[in-house]
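This report refers to the structure that appears directly beneath it.
Computed over heavy atoms, backbone and side chain alike; hydrogens, waters and symmetry mates excluded. In what follows, every chain begins at residue 1, and chains take the letters A, B, ... in the order their sequences are listed.
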Number of protein chains: 4
Amino acid sequence: MSPRRRDAESTAAARAERRAELLATAAEVFASRGYAATTVREVAEAADMLGGSLYYHFDSKESMVDEILSAFLTELWAAYDKVTGSGLGARETFEALIVESFRTIHRHRPAVVIYQNESKHLATSPRFSYLTESQRRFREMWLAVLDRGVTDGVFRADLDTGLIYRFIRDTVWLAASWYRGDGRLPAEEIARQYIAMVLEGILTT
Amino acid sequence: MSPRRRDAESTAAARAERRAELLATAAEVFASRGYAATTVREVAEAADMLGGSLYYHFDSKESMVDEILSAFLTELWAAYDKVTGSGLGARETFEALIVESFRTIHRHRPAVVIYQNESKHLATSPRFSYLTESQRRFREMWLAVLDRGVTDGVFRADLDTGLIYRFIRDTVWLAASWYRGDGRLPAEEIARQYIAMVLEGILTT
Amino acid sequence: MSPRRRDAESTAAARAERRAELLATAAEVFASRGYAATTVREVAEAADMLGGSLYYHFDSKESMVDEILSAFLTELWAAYDKVTGSGLGARETFEALIVESFRTIHRHRPAVVIYQNESKHLATSPRFSYLTESQRRFREMWLAVLDRGVTDGVFRADLDTGLIYRFIRDTVWLAASWYRGDGRLPAEEIARQYIAMVLEGILTT
Amino acid sequence: MSPRRRDAESTAAARAERRAELLATAAEVFASRGYAATTVREVAEAADMLGGSLYYHFDSKESMVDEILSAFLTELWAAYDKVTGSGLGARETFEALIVESFRTIHRHRPAVVIYQNESKHLATSPRFSYLTESQRRFREMWLAVLDRGVTDGVFRADLDTGLIYRFIRDTVWLAASWYRGDGRLPAEEIARQYIAMVLEGILTT
DNA sequence: GATGAATGAGCTTTCATTCAT
DNA sequence: AATGAATGAAAGCTCATTCAT
């Protein structure tokens, strides 16, 4: 490996690292103030620079949320795919998905908040069509698990699975709004209690 | 009643009605596009007027959300207070509160959506301090019901009531985002299924 | 005189009186808040009506100032012309003009304030060309008196008459800004002291 | 001096210089068109920029007048304080104050015009309370000089000093409206003739 | 004569974005 | 990489004016 190449690599790596840093900062600000209500100046200030300087790193404000959300969704689906591809039963799949969701909230809290608050609005633009697509997959995945559970006689048959899906979706993602990693309840414990509450309600007894 | 008085009354009534109409329109638009992202011109357009004309009826964009939210909260608390003042047991209170919540969503859907999406941000301004206050009361009310249920042996003691409170809060209010009054599921049926799901999970068996 | 004609006359008279009332009110408001900074609504409010109602009486906000100023100037020039046509000497003319000026201020205080504050700005519009014309006549009249006084050996020759003219003009009209008819100093006493000061100076002799 | 420090200094200096330039332009426009009647766009145009660009340098239109007026008053009072602190007699103080006033007009003509035309209106806002305060000090200072002159037998006792103060104040500051630095009469000559007129009168003796 | 609702132009201000340095 | 000045579109809001009643 030539020194030249090493330089190029370390430069590229340093640049990527800087981007990641800036995106983390931006995500924090977008999450706390709301995307539309946050100015580029505020993001820059949080990163100790001036407004114009961000444009060296990013094309636009929109491209920042874009990167934040797509990075989060990519990682989320990697985790989900691993679970659904493991050949677990309906109940075990249900539990594993809940646990993965709370783990993701733990690692990507600001991104989850942004996703929760802004995705409906952003999704109207073609650039963010992947948000709609993700939501569709999300719905299919959960309905499949719930329906399989009903078919297998594991979940109650007298409740509307569409309704249950919505309740689960809402609680899980809204948890990002109040979840604090430093609280007395770690992500795993929240997942455990959440599973206990929901499962013992929808299970046949 | 003199004609003069009748005139004054009908004029004042007509004005109040017009305000209500405009507020309903504004609420719809704020709910669907987001308060910050909605322009006054858009609200006016939805009401078939020009931007400036709205200012004959309202002081500012802010005063519109203010009226929308406070009208909704006033009605909501009237319903809640009636329930909590009826001397019902923990479980019956729980059920009645859920039913009232879904009924309010049915009648004030756009206001609920706005409340859900914007109140965190709006509450930072002194003008909207009643939002914070309402949230505090809301929390106290639910915790009281849940704790009483635990004490009375009606609700399970091994779950964190703070956590349960949050799950309930999030699911109930977020329901406004997807609820459509014209759907196959009326508010009462949604409430019934929701109660079934949650209660049979947190009840001692 | 037919009753019909009397009605028409009394109606016309009543209308003229109402206009005069409204103009007096408007002058007061324009004088205290400034013409540009005063809204039509404020004028109307001071006259106990709604904004639109003024347009029954007047074409526009501009036509109100127009009437206020031209009425004032008409009366002022009638008084001035009487003085300059009386064949008085330079000093007596000087004194008489000062006295008439303060009398006009006494009767038309708000109009004078408006004239002082706004005429420079208004005069740029063709509609108000009479303001420029009036100012020109005013200058000519005073310079004639002062120059005649110098020629006659009544006024000092070592002072620039253009400068003296300006000083007189400024002090006399600005007096409207602080003059209050109810004060301890009536218009005539102010005129007397003013004349004494300008003619003889403030030094002891 | 390190290069870094020099850079910082020259940058800060350049910025201050630019602000001063823009303020001078704004003062010119405010003075000629009136503050309320001047639009921000007009100020910007006079400075060869677009309306929004001014907001990089100033918070608001109001903050521009604020800076213009307070800079002028600061300098004016520095000059006045020097005079009144010199232990001169009443007549010499009088003359020196007049001279300083005309010198200030010479250097700050637009600011003086703005002060004259707008301060009454601006002073109602707390932000401009210093205008009221300045006017109070101004009155006290002049009355002290005039009263001392009367006591010392230098000034006539048969004239109302309150009245004289007002005449002096009005003429001196209104002079800014017509004074042109390029005219045949320099500030000092105007001051000389003005002093002669007020002290000795315009009559031949 | 007056009301009240609406108009529409124009204002101050904000803010994402650009670009020379 | 970052600065700082400027752009220009668009926002919230004001206000003189109109007009049916």
Side-chain angles (χ1 to χ4, degrees), chain A residues 11 14-15 18-19 22 35-44 47-64, chain B residues 7-8 11-12 14-15 18-19 22 36-44 47-64, chain C residues 11 14-15 18-19 22 35-44 47-64, chain D residues 7-8 11-12 14-15 18-19 22 36-44 47-64:
Chain A
T11 301
R15 176 180 295 213
R18 186 76 175 111
R19 278 177 78 86
L22 293 172
Y35 172 70
T38 300
T39 71
V40 171
R41 249 185 179 80
E42 284 168 338
V43 173
D48 265 318
M49 9 163 78
L50 294 180
S53 307
L54 275 177
Y55 287 81
Y56 178 81
H57 301 277
F58 304 99
D59 284 347
S60 65
K61 187 186 174 186
E62 209 180 35
S63 79
M64 291 185 225
Chain B
D7 274 11
T11 303
R15 180 182 291 220
R18 186 76 175 110
R19 277 177 79 86
L22 293 171
T38 299
T39 71
V40 171
R41 268 173 174 85
E42 284 168 339
V43 173
D48 265 316
M49 0 164 83
L50 293 179
S53 306
L54 275 177
Y55 288 84
Y56 179 79
H57 302 276
F58 304 99
D59 284 346
S60 63
K61 186 186 173 187
E62 209 181 35
S63 79
M64 292 185 223
Chain C
T11 302
R15 178 182 293 212
R18 187 77 175 109
R19 278 177 79 85
L22 293 171
Y35 172 69
T38 299
T39 71
V40 171
R41 248 185 181 82
E42 284 168 337
V43 173
D48 265 318
M49 9 164 74
L50 293 181
S53 307
L54 275 177
Y55 286 82
Y56 178 80
H57 301 277
F58 304 99
D59 284 348
S60 63
K61 186 186 175 188
E62 210 181 33
S63 79
M64 292 185 224
Chain D
D7 276 9
T11 302
R15 179 182 291 217
R18 186 74 176 113
R19 277 178 79 86
L22 293 171
T38 299
T39 71
V40 171
R41 264 177 174 84
E42 283 168 339
V43 173
D48 265 317
M49 357 163 86
L50 292 179
S53 307
L54 275 177
Y55 288 82
Y56 179 77
H57 301 277
F58 304 99
D59 284 346
S60 63
K61 185 186 174 188
E62 208 181 35
S63 80
M64 291 186 222

Strand partner of F/dC15, provided both Watson-Crick or wobble distances fall under 3.5 Å: E/dG8
G-U wobble or Watson-Crick pairing nucleotide for E/dT13 (cut-off 3.5 Å, both distances): F/dA10
Heavy-atom closest contact (C/L22 atom, C/A47 atom, distance): CD2-CB, 3.6 Å
Length of the CG-P vector between C/L54 and F/dC15, whole Å: 15 Å
Sugar-phosphate or base contact per nucleotide [nucleotides 15-21 of chain E; S, B, -; heavy atom under 4.0 Å]: SSBB---
Euclidean distance, C/M49 CE relative to C/Y56 OH, rounded to 0.5 Å: 10.5 Å
Separation of E/dT12 P from D/F58 CZ (nearest whole Å): 15 Å
Closest non-hydrogen atom pair, A/S63 against A/S60: OG-O, 2.9 Å
Gap between atoms OH and C1', on B/Y56 and E/dA6 respectively (whole Å): 9 Å
Whole-Å distance separating the CG atom of B/L22 from the P atom of E/dA5: 10 Å
Interatomic distance, B/M49 CE vs E/dG8 C1' [rounded to whole Å]: 13 Å
Gap between atom CG of B/L54 and atom CE of B/M64 - 0.5 Å precision: 4.5 Å
Opposite nucleotide pairing with F/dA1, Watson-Crick or G-U, both atom distances under 3.5 Å: none
Nucleotide F/dA1, atom P - distance to NE2 of A/H57 in whole Å: 6 Å
Minimum-distance pair of heavy atoms, taken over all atoms of C/Y55 and C/K61: OH-N, 4.3 Å
Whole angstrom value for the distance that separates P of E/dT14 from CD of A/E42: 12 Å
Whole angstrom value for the distance that separates C1' of E/dA5 from CZ of B/R18: 9 Å
